Number of protein chains: 2
Amino acid sequence: MYSGGMPSDLPALLGDLITVNHRLTRVAAHAADSRESPAVWRTLSVLRQLGPIRLGEIAARSRISQPTATKLVAHLVERGWAARLADPLDARVTSTVITAAGNAALSAWRSELAEALLPMFDGLADAELATIRNAVDILRERLDGSEVPVERVPTAAVTTARVPASEPGRPAGARA
Amino acid sequence: MYSGGMPSDLPALLGDLITVNHRLTRVAAHAADSRESPAVWRTLSVLRQLGPIRLGEIAARSRISQPTATKLVAHLVERGWAARLADPLDARVTSTVITAAGNAALSAWRSELAEALLPMFDGLADAELATIRNAVDILRERLDGSEVPVERVPTAAVTTARVPASEPGRPAGARA
DNA sequence: CCACTGTACATAGCTTGGCTATCTATGTCC
DNA sequence: GGACATAGATAGCCAAGCTATGTACAGTGG
């Protein structure tokens, strides 16, 4: 639990990280405009960041299943926040792009969220802010860099071919 | 407080923080392959940390609604990971405690999670680890400290002087 | 003592994000 | 052309979250 002064205990740190993470998620859920869900914003972020992108890659990047990505994108399209493009080279593919409205909505959400969270982070010293910023950068880098980089997750079959020699203890099937 | 540092675009930082947070949540969901959900572990963490605790406080701490807390606790009790205690002073109240099994399950989850995440955080420099650890501590402090204005006198009267709590299964006071 | 208001939790019913399993359509390779 | 692989869609399920409401108890004023 309280890791206050335990140095170098990576497992404990990761546990704490995830726990704090979950708590932050709840706070954000309260703070943000609750008419839309976290998944919507997360997906919009992916779209904004990666431009026209295939469904499968959205799923891989977001660490969600392909059907879930389909559902989310459908919702975004309904909302007018995303649009789908047929791929001239492959008729199976429809890429998704964020629209101007989507961009605006995402920015608005970020502002709103920030404003709502401000009181909670008011009075942080610059050094503390820098620490958080650095941590965010480190985590983002790891999230981007670590596995599932360009490779897509197999649809349903069991595949061990994509492991880039970095996943020793992964049950391979997620929730089977 | 160290005034005059970098401009610190706080809104942007908060947006990034939450976005990274959501992505991490997905990663954790994949990594900790347990058949239990984040909410379960989050609730168990609260129970472990705060000992016998009322439903309402679980809800407040977790930033979830009271009915959701009821549901989660019911699930935990079913699982044998939590037990409920009648309050001898107020028959409306039933406090909840984590059981030994719950404690073990929580610890096991944390280990499992840590192991699964290790590859992702492999090769981090000590300084980077320290940064993350500090950020976690800062965030936790803010999460604890700015505990949603529950429009109530801060804890004090409620959280103190409960049942000895050494034996979770024992009601400690025959209720009429 | 009895109503009356407030509090702590339970129940009902809904929405949404997530999953697996499966299907269709298209691409690719022999 | 036929066999297999791949991209995405559809169906159906469960969990976590919510609001609204109900129920039992606590505390108070008459």
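If you're wondering where the values come from, they're calculated on a predicted model, not measured in any experiment. Proteins come first, then strands; the chains are lettered A, B, ... in the order of their sequence lines, and each starts at number 1.
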Colleague: Could you tell me whether P38(A) contacts a base, only the sugar-phosphate backbone, or nothing, with contacts defined as non-hydrogen atoms closer than 4.0 Å?
Modeller: nothing
Colleague: Can you measure L85(B) atom CG to dC9(C) atom P for me and round it to whole angstrom units?
Modeller: 12 Å
Colleague: Specify the separation, in whole Å, of atom CD of E57(B) and atom P of dA8(C).
Modeller: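 Spelled out: CD on E57(B) to P on dA8(C) is 10 Å.
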Colleague: Could you tell me the separation between the CG atom of D87(B) and the C1' atom of dA8(C), rounded to a whole number of Å?
Modeller: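 Going from CG in D87(B) over to C1' in dA8(C) covers 11 Å.
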Colleague: Between L117(B) and A31(B), what is the shortest heavy-atom contact and its length?
Modeller: CD2-CB, 3.7 Å
Colleague: Looking at dA10(C), I'd like to know if its phosphate oxygens (OP1 or OP2) sit under 4.0 Å from a side-chain N or O belonging to R84(B).
Modeller: yes
Colleague: Using the closest heavy atom to pick a nucleotide of DNA chain C for each, name whichever of P67(A) or T94(B) lands nearer the 5' end.
Modeller: T94(B)
Colleague: For the backbone of A83(A) and the side chain of T99(A), can you confirm whether one donor and one acceptor N or O come within less than 3.5 Å of each other?
Modeller: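 Side chain of T99(A) to backbone of A83(A), a donor-acceptor pair under 3.5 Å: no, none is there.
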Colleague: Same cluster for L50(A) and V93(A) if Ile/Leu/Val/Met/Phe/Trp/Tyr side chains link at under 4.5 Å?
Modeller: no
Colleague: Of the non-hydrogen atoms in L89(B) and D87(B), which two are nearest, and what is the gap between them?
Modeller: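 For L89(B) and D87(B), the tightest heavy-atom pair comes out as N-OD1, 2.7 Å.
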Colleague: For the side chain of Q66(A) and the base of dA9(D), is some donor closer than 3.5 Å to an acceptor across the two?
Modeller: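 Indeed, a donor on one side and an acceptor on the other fall under 3.5 Å apart.
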Colleague: Can you list, in residue-number order, the parts of residues 68-78 of chain B that come under 4.0 Å of DNA chain D, counting heavy atoms only?
Modeller: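 Contacts with DNA chain D under 4.0 Å: T68(B), K71(B), L72(B).
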Colleague: Look up atom CG in L139(B) and atom CD1 in I132(B), then write down how far apart they are to the nearest 0.5 Å.
Modeller: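 Those atoms lie 11.5 Å apart.
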Colleague: Could you tell me whether the phosphate oxygens of dC19(C), OP1 or OP2, come under 4.0 Å of any side-chain nitrogen or oxygen in S65(A)?
Modeller: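 The answer is yes; a side-chain N or O of S65(A) sits under 4.0 Å from OP1 or OP2.
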Colleague: What is the distance, to the nearest angstrom, from the CG atom on L89(B) to the P atom on dA8(C)?
Modeller: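 It is 14 Å, rounded to the nearest whole Å.
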Colleague: Quick one: R54(B) CZ to dC9(C) C1', roughly how many Å, whole number?
Modeller: 11 Å
Colleague: Round to a whole Å and report the spacing from CD1 of I53(B) to C1' of dA8(C).
Modeller: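 Whole-Å distance recorded here is 14 Å.
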Colleague: To the nearest Å, give me how far apart CD (E36(A)) and P (dT15(C)) are.
Modeller: 15 Å
Colleague: Measure the spacing between CG of L44(A) and CG of L106(A) and express it to the nearest 0.5 Å.
Modeller: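 Separation between the atoms: 5.5 Å.
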Colleague: Distance check: side-chain N/O of R42(A) vs OP1/OP2 of dG18(C), anything under 4.0 Å?
Modeller: yes
Colleague: Below 4.0 angstrom from OP1 or OP2 of dC18(D), is there any side-chain N or O of R26(A)?
Modeller: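 Yes, R26(A) has a side-chain N/O under 4.0 Å of OP1/OP2 on dC18(D).
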Colleague: Could you pick out which residue, D90(B) or S95(A), lies toward the 5' side of DNA chain D when each is mapped onto its nearest nucleotide?
Modeller: S95(A)
Colleague: Is any side-chain N or O of H30(B) closer than 4.0 Å to OP1 or OP2 of dG18(C)?
Modeller: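 Checking H30(B) against dG18(C): no side-chain N or O falls below 4.0 Å of OP1 or OP2.
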Colleague: By nearest heavy atom, map V40(A) and R92(A) onto DNA chain C; which one lands nearer the 5' end?
Modeller: V40(A)
Colleague: Quiz question: by atom type and distance under 3.5 Å, do the side chains of T70(B) and Q66(B) form a donor-acceptor pair?
Modeller: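 Yes - a donor-acceptor pair under 3.5 Å links their side chains.
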